[in-house]
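Sequential numbering from 1 along the given sequence is applied to the chain's residues.
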Amino acid sequence: MKNISYLLGLTCLLGVLLYACNESNLDLTPGTLTEGGFFQDETQIDLAVLGTYAKLTDFYWYRGNDFVHDMRHLPGDDLTTLGDYPFETFGPLQPGTDDIGYFYQAAYEMVNRANTALQGIETAEEGTYQTEGLQDTHRGEALFLRAYAYFNLWNYFGTAPLITERIQGGDELNNPNSQGNQLLDQAIEDFTEATGLLPESWDETNRGRVTANAARGFLGKALVFRATVNDAPADYTSAITAFDQIEGRALADHFKFNFSPEHENNIESLFEFQAGQSPTNDNVWLPNDFDAAVGSMSAYWGFFDGNFSLFGQLLFIPSPKLIETFEEDDPRVDFTFNPADTTMTKYVFNDLKSNTGVGSLNNPRILRYADVLLLKAEALVASGGSTTEAIELVNQIRTRARNSTDSTASVVPANYDINQTDRDTIMEWIMNERFLELVGEEAHRWFDLRRWHLGGRIDLVNWDFSSARSDFAFDVDTHLYFPIPSNEVDLNPNIVQNPGY
């Protein structure tokens, strides 16, 4: 009996060993989807592209102590605060500042996702795409989003690694700093290609995805920025061409429509973040990826309206300079800040809250036509173009402003004299209008001040930043560029820290 049991056991053992050694039995299908089985059809590639869009969430959503709102809104002279934020006082700004590391990481995650999507798009086998033109559209979207990341990285850091291929090995991790304006150059190259690949519009289901108009607008903007710092008339001319190719866009009838949840994706909008409820009831105090692949898609404006989730942190408020620059009866005032208590009203005068109570479902307008018109006016003046046309563009903004009233028509802001020919005067008008029209939006003011200083148009050495803090200290030799996060410098021996940090 024992011998039979022994033989049976030995037979079973040999059977197991023979089965295990058969290579065909080792080639098993994974229980979950892996990259090896991905990028097999256009739907999967679409998901990869949408995953790149999802990184926009990190620039708008408030996650516990993770936010970049102070980094985007406080460095300029349009908003200020009594709160202890390093981007308001500048002195405490260091490579270990959490918000800098958070933004830098999110931007490069977007770059990496874009590069991964581009690789899948470019290597797609014949038959992968069934929808005509979709492969080009996907490539245009990935290029646009990569360009958007590099445009922002250049504006904040000046230099950072330039990565245009997907990183697939450890030997590719230690990329050196970019040189000069390489980040901005790459953004311009990507935006340029995207203009010829993206559709003019999307259906309602895909509302918010980038269009050719968005690429043209950002291309023109990036060209104006490069022209400013390089004193390059050809870039101004190319920017005007890009702006002129924008079709079907105009100023909204009312200034407030650009900040109201009832008027999202309106005729003035070229690109905006699509805020909305989370796909699940995620815990808003934890990172978005903890609960869902994308996480909450809500924007957050608590720094304007004082939501309880700020835990006592002080609000962002209009600077004394901004309050003094606005004419008293300019209708934009009420939809920018409250004159009675000087709290911000932009985006929160008629807000729509998420089901968590701490998020806003109001879309941030990333690029709108008013910005484009003012940039085109600037390009015309700086490049020797028509001063009359430039003034008329500014007057479009001012005309819409004084008509943006819910009661008696306003007489201010009045139109500027189109017969003015002094270019310095007209440029002052344009710079002033950007200050008033774009306050508290998308880091416009800081980006403008920085590029105008680099181009010699203004001098930030003795600039009035109109800070509410008594400990404000701006060093132009250091703070014109934010520090590269300390962990990036520590991990990458080829990274050189920005001067002064």
Side-chain angles (χ1 to χ4, degrees), residues 76 78 144 147-148 151-152 154-155 181 184 187-188 191-192 194-195 210-252 255 258 267-272 365-401 416 423-424 426-455 457-458:
D78 54 345
F144 178 97
Y148 176 75
F151 177 77
N152 282 285
W154 178 82
N155 275 287
N181 296 321
L184 185 59
I188 290 171
F191 283 135
T192 299
T195 61
V210 291
T211 63
N213 276 339
R216 293 164 187 149
F218 258 111
L219 170 60
K221 183 166 187 167
L223 284 165
V224 170
F225 276 45
R226 190 170 70 179
T228 306
V229 300
N230 288 345
D231 189 22
D235 275 346
Y236 283 124
T237 302
S238 296
I240 293 169
T241 299
F243 292 144
D244 286 344
Q245 290 173 345
I246 294 173
E247 299 177 348
R249 299 292 91 184
L251 296 177
F255 177 71
N258 294 299
I267 195 170
E268 187 167 339
S269 176
L270 282 87
F271 184 47
E272 59 189 69
R365 280 59 163 183
I366 297 174
L367 181 65
R368 57 189 181 94
Y369 198 57
D371 186 11
V372 165
L373 292 182
L374 292 171
L375 287 168
K376 181 181 176 182
E378 183 176 343
L380 285 166
V381 174
S383 64
S386 170
T387 55
T388 299
E389 183 181 356
I391 297 169
E392 288 175 342
L393 292 171
V394 180
N395 283 342
Q396 285 188 47
I397 307 293
R398 294 172 71 81
T399 299
R400 193 270 299 277
Y416 288 124
R423 293 182 184 273
D424 290 338
I426 300 169
M427 189 63 75
E428 287 293 328
W429 291 348
I430 295 168
M431 295 165 70
N432 184 73
E433 206 62 36
R434 291 186 64 79
F435 182 48
L436 300 178
E437 177 74 15
L438 303 174
V439 52
E441 300 177 51
E442 300 306 311
H444 286 307
R445 188 58 176 175
W446 172 242
F447 288 2
D448 280 347
L449 292 179
R450 180 179 175 276
R451 68 183 174 93
W452 288 334
H453 174 86
L454 288 170
R457 192 167 294 162
I458 63 173

Say whether, by atom type as modelled, one donor and one acceptor occur between the side chain of Arg445 and the main chain of Asp78 under 3.5 angstrom. no
If the condition is side-chain hydrogen bond (donor to acceptor under 3.5 Å, both in side chains), which residues does [X] pass it with, not counting sequence neighbours?
X	result
Tyr369	none
Arg450	none
Ser269	Glu272
Trp429	none

Tightest non-hydrogen contact, residues Pro233 and Ser383, listed as O-CB, 4.5 Å
Closest non-hydrogen atoms of Ala239 and Gly220, given as atom of the first, atom of the second and distance, are CB-O, 3.5 Å
Sequence neighbours excluded, the answer for ring-ring contact (aromatic ring centres under 6.0 Å, His included) partners of Phe144 is Phe191, Phe218, Phe271
Residue set satisfying ring-ring contact (aromatic ring centres under 6.0 Å, His included) with Tyr236, at least two apart, ordered chain then number -> none
[atom1] of [X] to [atom2] of [Y]: how many Å apart, nearest 0.5 Å?
X	Y	atom1	atom2	result
Leu184	Asn155	CG	CG	7.5 Å
Glu268	Leu367	CD	CG	10.0 Å
Thr211	Arg249	OG1	CZ	7.0 Å
Thr192	Leu219	OG1	CG	4.0 Å
Met427	Ile458	CE	CD1	12.0 Å
Leu454	Leu449	CG	CG	11.0 Å

Next item on the list: Determine, step by step, whether Arg451 and Val224 satisfy the side-chain contact (heavy atoms from CB on, under 4.5 Å) criterion, reporting the C-alpha distance in whole Å, the side-chain angles of both residues, the deciding distance to 0.1 Å, and the verdict.
Entry: CA-CA 10 Å; Arg451 68 183 174 93; Val224 170; 3.8 Å; yes
Please determine whether the number of non-hydrogen atoms from other residues, nucleotides or ligands lying under 6.0 Å from atom CG of Asp231 exceeds 12. no
Go through the steps for Ile188 and Leu223 under the test side-chain contact (heavy atoms from CB on, under 4.5 Å), then give the verdict. CA-CA 7 Å; Ile188 290 171; Leu223 284 165; 3.9 Å; yes
query: Are Trp452 and Glu378 close enough, and set up right, to give a side-chain contact (heavy atoms from CB on, under 4.5 Å), and what steps lead you there?
result: CA-CA 11 Å; Trp452 288 334; Glu378 183 176 343; 3.1 Å; yes
Sequence neighbours excluded, the answer for side chain to side chain contact (heavy atoms under 4.5 Å, CB included) partners of Ala232 is Asn230, Asp235
With sequence neighbours left out, the residues meeting side chain to side chain contact (heavy atoms under 4.5 Å, CB included) with Thr237 are none
Go through the steps for Tyr148 and Asn152 under the test side-chain contact (heavy atoms from CB on, under 4.5 Å), then give the verdict.
-> CA-CA 6 Å; Tyr148 176 75; Asn152 282 285; 3.4 Å; yes
Return all side-chain donor-acceptor pairs below 3.5 angstrom for residues 433-440, not counting sequence neighbours, or 'none' if the list is empty.
unit_1 : atom_1 : unit_2 : atom_2 : d
Glu433 : OE1    : Arg398 : NH1    : 2.7
Glu433 : OE2    : Arg332 : NH1    : 2.8
Glu433 : OE2    : Arg332 : NH2    : 3.0
Arg434 : NE     : Asp448 : OD2    : 2.7
Arg434 : NH1    : Asp371 : OD1    : 2.8
Arg434 : NH2    : Asp371 : OD1    : 3.0
Arg434 : NH2    : Asp448 : OD1    : 3.4
Arg434 : NH2    : Asp448 : OD2    : 3.3
Glu437 : OE1    : Arg332 : NH1    : 2.9
Glu437 : OE2    : Arg368 : NH1    : 2.9
Glu437 : OE2    : Arg368 : NH2    : 3.3
Glu437 : OE2    : Arg400 : NH2    : 2.9

Run the side-chain donor-acceptor check on residues 389-397: report pairs under 3.5 Å with partners two or more places apart or on a different chain.
unit_1 : atom_1 : unit_2 : atom_2 : d
Glu389 : OE2    : Lys376 : NZ     : 3.3
Asn395 : OD1    : Tyr416 : N      : 2.7
Asn395 : ND2    : Tyr416 : O      : 3.1

